[in-house]
> 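Please find one structure pasted underneath; my questions will follow.
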Amino acid sequence: MKWDTYSGRKRLAAHGLVYRALVRGREASLRAVEIAMGVTVSGEESEFASSSYEPETETEYAQARVPGRLYTSKTFANRNPNSADYGQPSRFVYQVLDDDGRSSSLQRQGEEWVVTPINGTRSQIKVLISREKGSLVDLWIQRVPAAGSGTVVKEVLRVRREDAIRLAEFFRRLMLIEPDGADTGIKLDEETLSALLNNPESASRMYESQAPALRALIADDEQAQDVVALAGRRAALERFRKMLDDDGFFDSQVEENKGKEAVWQRFFETNPWILGVGLGTQLFTSWSEEKLEQIVKGHSIAGDGKRADAVLRTSGLIQSMVFAEIKHHRTALLKDEYRPSVWSMSKELAGGISQAQVTVHQAVANVGERVARRGDDGFETADLTYLIRPRSFLIIGKLSEFKNDQGQHHPEKIRSFELARRHLQEPEVVTFDELLARAEWIVSNSA
């Protein structure tokens, strides 16, 4: 931003106007914003090429404007008696464009089109808006003569109302077209395109009829893949929260999956990324692409042996095995008040801790310090995973157990639970609502 004496004082004062309007809790008016941007001052155009120059005619105004800046007139009443906007508040909007010395004009001479170089020319876009913002009435493209030439601004093109809006829409849609990779052209009339862009049902019908082609386009578009992946994760988290909060919905899932723990087992198998990002500071991935649940025995992690609800491993150059036992969110964390202000762990929590510890112990005893994947030919591969004091997790219950319907906490229960799990080396106890909160935070910061 340049700060000559005149414009610097003017902009500083203008920014002060906008700031005071904001701190007083009022919406800064468009007029204050225009002043702060150096667009208009007291209804007169400002920020010309020379701060001391005072243009008088339309041509002089166009010659004095600075490329890259938007200029507006002050508001006036539309005085065209033939206009549907007669008497409505209106404004002119201007922007000038200077060529780079390589402009040319195309003129027909007999049967031939002749290209004539034009040096040092300026064009001006002039738009009339009336009634409300975005309501285009007229659009002109004008040729601006050089200063001192003695000529005036010349109209090159004038586009009225509907055509002006259509032209603006054309440029907006033009930004969506990729120039590369098209083997054939397409032809879309404006009604079809508008219906597609503005009517979700039309877009849905188009997707249904052209699903394979559109999927292929999305697969080739990295940004589209990110959008689809993020949308899928948000949908998974919505389902996660619904299973926690909607008892009727969860009960229906229990009937389908024949058990509370089976519901969560299937959900995490469908969305393994939630365990991967939600359990620890390292990224965990599933040991098997087919199932989270594995039976631990020998070097294959298959066959008869101790069943683990989720077998994961860390990511990186050196990968380590991670185990998780998955209960359900209705499992009680605490049971009875063992002594005044001291609450004992529930049978399910104590049993889940023992189960996780035995699973890890048997895995290390049976597999050893590391396990290598085997190829289809039975030979070991270089894909190694280590089991050196592997981490383990127990996913169980909800912290809302320690709050009543009014949202009040039970300090003694919270103290008993937190002390119990903080002094537990393994497994790490994580509640379902904690897992959801961490996954939601990561997705919300990935947009």
Side-chain angles (χ1 to χ4, degrees), residues 30 33-34 37 39-40 62 65 67-73 75-78 80 82-100 103 105-106 121-144 153-211 213-214 216-218 220-224 226-228 231 447:
L30 178 59
V33 175
E34 290 168 348
M37 292 172 61
V39 178
T40 62
R65 292 184 179 113
R69 291 189 180 142
L70 185 73
Y71 295 81
T72 71
S73 71
T75 300
F76 60 89
N78 191 318
N80 182 359
N82 298 318
S83 173
D85 297 302
Y86 178 73
Q88 296 294 327
S90 305
R91 301 177 80 174
F92 284 112
V93 183
Y94 308 88
Q95 187 160 9
V96 295
L97 309 170
D98 286 347
D99 69 37
D100 55 4
S103 295
S105 66
L106 188 63
T121 57
R122 163 173 286 192
S123 300
Q124 176 173 262
I125 300 174
K126 175 181 176 182
V127 178
L128 174 63
I129 57 175
S130 290
R131 196 180 297 268
E132 59 185 14
K133 63 181 180 181
S135 179
L136 279 64
V137 177
D138 282 295
L139 182 149
W140 295 264
I141 297 179
Q142 302 170 321
R143 179 76 67 190
V144 181
V153 168
K154 180 181 178 181
E155 182 179 305
V156 177
L157 175 68
R158 181 176 183 178
V159 184
R160 299 180 185 273
R161 199 174 294 275
E162 289 81 6
D163 289 334
I165 296 174
R166 189 175 290 116
L167 181 62
E169 283 292 308
F170 167 76
F171 282 107
R172 183 176 71 87
R173 294 163 183 169
L174 184 65
M175 304 306 292
L176 302 175
I177 298 177
E178 174 63 49
D180 187 29
D183 297 328
T184 60
I186 61 173
K187 184 184 295 184
L188 287 175
D189 59 74
E190 293 181 358
E191 290 75 13
T192 300
L193 192 56
S194 294
L196 178 61
L197 294 176
N198 300 319
N199 188 339
E201 293 183 359
S202 298
S204 298
R205 287 195 295 271
M206 179 178 178
Y207 183 84
E208 291 173 0
S209 62
Q210 302 292 332
L214 291 175
L217 289 174
I218 292 172
D220 293 336
D221 187 338
E222 292 183 0
Q223 290 184 343
D226 291 341
V227 171
V228 171

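Bear in mind the structure is a predicted one, so any value in this text is a computation, not a measurement. Counting begins at 1 with the first residue of the sequence.
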> Of T72, L136, L139, which is the lone residue that meets side-chain contact (heavy atoms from CB on, under 4.5 Å) with V93?
T72
> Supply the atom-to-atom distance S90 OG to D138 CG, rounded to the nearest 0.5 angstrom.
10.5 Å
> Could you tell me which non-hydrogen atom of L128 sits nearest to which non-hydrogen atom of N78, and how far apart they are?
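Heavy atoms of L128 and N78 come nearest at CD2-ND2, 4.5 Å.
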> How long is the span from the NZ atom in K126 to the CZ atom in R158, to the nearest 0.5 Å?
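Taking NZ in K126 and CZ in R158, the distance rounds to 8.5 Å.
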> Backbone N or O of Q88 within a donor-acceptor pair of the S130 side chain at under 3.5 Å?
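No: the side chain of S130 does not pair with the backbone of Q88.
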> Test salt bridge (charged side-chain N to carboxylate O under 4.0 Å, His left out) on D163 and R166; report intermediate values, then the result.
CA-CA 5 Å; D163 289 334; R166 189 175 290 116; 2.5 Å; yes
> Can you tell me how far the CD atom of Q124 sits from the CD atom of Q95, to the nearest 0.5 Å?
10.0 Å
> Minimum heavy-atom separation for S123 and R143, please, with both atom names.
OG-NH1, 3.5 Å
> In Å, rounded to the nearest 0.5 Å, how long is the span from CG of L157 to CD of Q142?
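So the gap between those two atoms works out to 10.5 Å.
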> Report yes if the side chains of F92 and F76 come closer than 4.5 Å at any heavy-atom pair, otherwise no.
yes
> How long is the span from the CD1 atom in I141 to the CG atom in L167, to the nearest 0.5 Å?
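Answer for the CD1-CG pair, I141 versus L167, is 7.0 Å.
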> I need the minimum non-hydrogen distance between A84 and R131, along with the two atoms involved.
O-NH2, 2.7 Å
> Are side-chain heavy atoms of V96 and P67 found at a separation under 4.5 Å?
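A side-chain contact exists here, since the closest heavy-atom pair is under 4.5 Å.
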